[in-house]
Amino acid sequence: MHKKLFIPGPVEVREDVLQKMATPMIGHRSKDASALQRRISDNLRKLFYTKNEILLSTTSGSGLMEGAIRCCTAKRAAVFSVGAFGKRWYEMAISNNVEADLFEIEMGQAIDPAEVDKALSTGKYDLVAVTHNETSTGIMNPIDEIGEVVKKYPEVVFIVDTVSSAAGTKIEVDKCGIDVCITSSQKALGLPPGLAVCTFSQKAKERAEKVPNRGYYLDLLQLYKYIQKKDYQYPSTPSLSHMFALDYQLDNIINKEGLENRFARHLEMAKIVRAWAKKYFDIFPDENHLSNTLTTIANTRNIDVGALNKSLGERGFQLSNGYGGLKDKTFRIAHMADCTVEDVNELLRNIEDILGL
Ligand SMILES: *Cc1c(COP(=O)(O)O)cnc(C)c1O
């Protein structure tokens, strides 16, 4: 039996979207390929509220994260981490010989913009990396306030992991001053895994021009230059299947559902899960900075999450246990992409039934 996914990626993908992955191939050096890629970029600019260029990568989101921190740090990176995915930025920097410092915030707490200010005021850094929506703890960082701080430091490039939030909550890239904003196909965009997208500012481009060793496949400057010269075609063969599905899905998101409606639906689902969590368990992270795309629930009843998931599986549902050190202390319900209020209510009813709540 297929299990309906309530895990924070990969998410449940609609049947009509899945069908688009089976579109017959076209040559990646054709006019049709250029038109497809141009249309995707134009729509992604709307999704990210930006005038910046869009880059696509046939990797998961981690590929563009690695490319971004490597290509855009000339001096030293300041990585602000509130959980597992924040730490990943730091590991990527170190393993690419990029000088970096890790600023770790306690699990369940958000980044304090004043701490970012303090770090950047030392003048040591020319890049700051932040996770918008920390999928391990269910925190959504105040990206606009952090952006205001970063704007005080014109030499600092601002790169943001919005892998588990973009297309599920409003992220205004230009207003926040984000230079590289990254997401993956398999989260709130509601596609199968295998494609990543990012925005790429002029400032990011100018920085990358000063970084000598940017790697090859994930050299964002090379991708940028190539698509300018070759009418949106990419240097290596892209996942055209994902592009067909993304093109279709962006039309659904922007023109059929509408961005504001989509963000409102995500918030509505989040509110239902939060209220439910408070009734039967508790919410793990700081309630002033809750994620709109997933909820991390404190396992106050000490339930066996594995056993719950097994029973849910028999009924055709799957949720997620806690991440890393939070494995049994929390469990997570994702409410993102094309998941509906009805889907969420159905899941919660089944959990109540199984646990006898
Ligand atoms: C899932 C996730 C990632 C990793 O993305 P991949 O597409 O699996 O590489 C990074 N950051 C956050 C916040 C995530 O939720």
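Both counts, for ligands and for their atoms, begin at 1 and track the order of listing.
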Notebook entry, point to check: With the threshold set at 4.0 Å, does a side-chain nitrogen-carboxylate oxygen contact exist between R38 and D231?
Noted result: yes
Notebook entry, point to check: For atom 10 (C) of ligand 1, what's the nearest protein heavy atom and its distance?
Noted result: F85 CD2, 3.2 Å
Check: Against heavy atoms of S184, which atoms of ligand 1 measure under 4.0 Å?
Finding: 5 (O), 6 (P), 7 (O)
Check: Taking NZ, NE, NH1 and NH2 as the nitrogens, is one of them in R207 or E155 under 4.0 Å from a carboxylate oxygen of the other?
Finding: no
Note to self: Between ligand 1 and K187, can you find any atom pair, the residue atom being a heavy atom, that is separated by under 4.0 Å?
What the structure shows: yes
Note to self: Side-chain heavy atoms under 4.5 Å apart, restricted to Ile/Leu/Val/Met/Phe/Trp/Tyr: what other residues fall into the cluster of I7, or is it alone?
What the structure shows: L5
Check: At a 4.0 Å threshold, what atoms of ligand 1 neighbour a non-hydrogen atom of S164?
Finding: 13 (C), 15 (O)
Next item on the list: Report yes if some N/O of M65 lies less than 3.5 Å from some N/O of ligand 1; otherwise report no.
Entry: no
Checklist line | Nearest neighbour in protein (non-hydrogen) for atom 11 (N) of ligand 1 | finding: D161 OD2, 2.6 Å
Item checked: Ligand-side contact atoms (ligand 1) for residue partner S60, heavy atom cut-off under 4.0 Å -> 6 (P), 7 (O), 8 (O), 9 (O)
Notebook entry, point to check: Which atoms from ligand 1 have a heavy atom of T135 less than 4.0 Å away?
Noted result: 12 (C), 13 (C), 14 (C), 15 (O)
Notebook entry, point to check: Looking at F331 versus F281, is the centre-to-centre ring distance below 6.0 Å?
Noted result: yes
Notebook entry, point to check: Is any NZ, NE, NH1 or NH2 atom of the basic residue among K4 and D343 found under 4.0 Å from an Asp or Glu carboxylate oxygen of the other?
Noted result: yes
Item checked: Note: R262-D338 ion pair, threshold 4.0 Å (strictly below) -> yes
Next item on the list: For atom 8 (O) of ligand 1, grab the closest protein heavy atom and report residue, atom and distance to one decimal in Å.
Entry: Q186 NE2, 3.4 Å
Next item on the list: Report, in ascending order of atom number, the atoms of ligand 1 lying under 4.0 Å from any heavy atom of R88.
Entry: 4 (C)
Next item on the list: Output yes when D251 and R39 qualify as a salt bridge under the 4.0 Å nitrogen-oxygen rule, no when they do not.
Entry: no
Checklist line | Atom indices of ligand 1 within 4.0 angstrom of N133 heavy atoms, with elements | finding: 13 (C)
Item checked: For M21, the rest of its hydrophobic cluster, which grows through side-chain links under 4.5 angstrom -> none
Check: Counting each atom of ligand 1 from 1 as listed, which ones have a heavy atom of G61 under 4.0 Å away?
Finding: 6 (P), 7 (O), 9 (O)
Check: Looking at D42 and R45, does any basic side-chain N land under 4.0 Å from a carboxylate oxygen?
Finding: yes
Next item on the list: With heavy atoms under 4.0 Å as the rule, classify the contact between H132 and ligand 1 as side chain, backbone, both or neither.
Entry: neither
